[in-house]
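Single-structure report; data block below.
Values reported hereafter were calculated over all heavy atoms of this structure, with side chains retained and with hydrogens, waters and symmetry mates removed. Just so you know, these numbers come straight off a predicted model, no measurement behind them.
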Amino acid sequence: YMNNLFASMALSAIPGSFPYILYDIYINYAEEREQKQIISLLMILSKWSAVRNDLIFCMQKAAKANLKKPLGEIVENAVIRIERGMDSVKAIALMEKEAAGENFRYIVKNIKISAIKGGNLMELFRNMEDQFFKITEELHKRKVSTFRDRVAVYFTMALVGWVGYYFISSNPSAYEFYLNTQTGKNLIGILGLLFFAATMIYMKK
């Protein structure tokens, strides 16, 4: 219909980005859920580390504490692997891979270092607990929600696309220029390519 290879390829790239957009939204949703559960996990680990300076013991208690997903499931899976014979450092390394966000990865990295080198677990967990209390307080003050903001941006981008389509389809002059002239078709191709590039760049940011 477009009879223009460049414009057709550029426009077809836009729906091709939809699976990546959905995946990006899911990752941010999972990261925000993790962020809300981090303090609960650290409080449990801190409490049980005061009873026994034993990382596996603390993780076992956390696995039984009915933490919500995804953190509860990640900790529980790690404990199951350890109890079935996997090396504790390797099991914790898998937790790092399963984490959705950098904040939880940071915690797991510290736990992994502790599993390798030992040390005072109560001090480690309480320091991280204090740190994440401050982070959560700051996020609450600023009312920051990466997930909601990201969905809002994608919605706005989709709205821009819809407005462009409506403008061309409802305006005879615009319809004639963009769909029946090579210059217009090339311009649609450039705009489509820029739209796709903007989407990809935003996802990486």
By the side-chain hydrogen bond (donor to acceptor under 3.5 Å, both in side chains) test, which pairs, at least two apart or in different chains, include something from residues 109-123?
E96-K112
Under the side-chain hydrogen bond (donor to acceptor under 3.5 Å, both in side chains) rule, what pairs show up with a residue in residues 38-57, not counting sequence neighbours?
S46-R126
Could you list the residues that satisfy side chain to side chain donor-acceptor pair (under 3.5 Å) with [X], not counting sequence neighbours?
X    : answer
T199 : none
K61  : none
Y106 : Q131
R105 : E102

About how many Å separate [atom2] of [Y] and [atom1] of [X], when rounded to the nearest 0.5 Å?
X    : Y    : atom1 : atom2 : result
N103 : F132 : CG    : CZ    : 4.5 Å
S88  : L55  : OG    : CG    : 7.0 Å
E129 : I44  : CD    : CD1   : 10.5 Å

For residues [X] and [Y], determine if any side-chain heavy atom of one lies less than 4.5 Å from a side-chain heavy atom of the other.
X    : Y    : result
N171 : Y175 : no
I188 : L179 : yes
E32  : N28  : no
M43  : F125 : no

Is the number of heavy atoms from other residues, nucleotides or ligands under 6.0 Å of M9 CE greater than 12?
no
Hydrophobic clusters here meaning ILVMFWY residues chained together by side-chain heavy-atom distances under 4.5 Å, can you tell me if [X] and [Y] are in one?
X    : Y    : value
I113 : L121 : no
L45  : V89  : no
L94  : F104 : no
I135 : I39  : yes
M128 : V51  : yes

Here the pair of heavy atoms bringing A115 nearest to I92 is CB-CD1, 3.8 Å
Validation: residues 155-168 side-chain donor-acceptor distances under 3.5 Å, sequence neighbours left out:
{"from": "T156", "atom 1": "OG1", "to": "A152", "atom 2": "O", "distance (Å)": "2.8"}

Side-chain hydrophobic cluster, 4.5 Å single linkage: members besides L22
none
Sequence neighbours excluded - salt bridge (charged side-chain N to carboxylate O under 4.0 Å, His left out) pairs with any residue from residues 14-30
D24-R150
All N/O donor-acceptor pairs, side-chain side in residues 190-197, below 3.5 Å, sequence neighbours left out:
none

Donor-acceptor contacts under 3.5 Å from residues 64-82 side chains, at least two apart:
{"from": "N77", "atom 1": "ND2", "to": "E73", "atom 2": "O", "distance (Å)": "3.2"}
{"from": "R81", "atom 1": "NH1", "to": "E98", "atom 2": "OE2", "distance (Å)": "3.3"}
{"from": "R81", "atom 1": "NH2", "to": "E98", "atom 2": "OE2", "distance (Å)": "2.7"}

Test: ring pair (Phe, Tyr, Trp, His ring centres under 6.0 Å). Region: residues 13-38. Which pairs qualify, not counting sequence neighbours?
Y29-F147
Can any side-chain N or O of E34 pair as donor or acceptor with the backbone N or O of A99 at less than 3.5 Å?
no
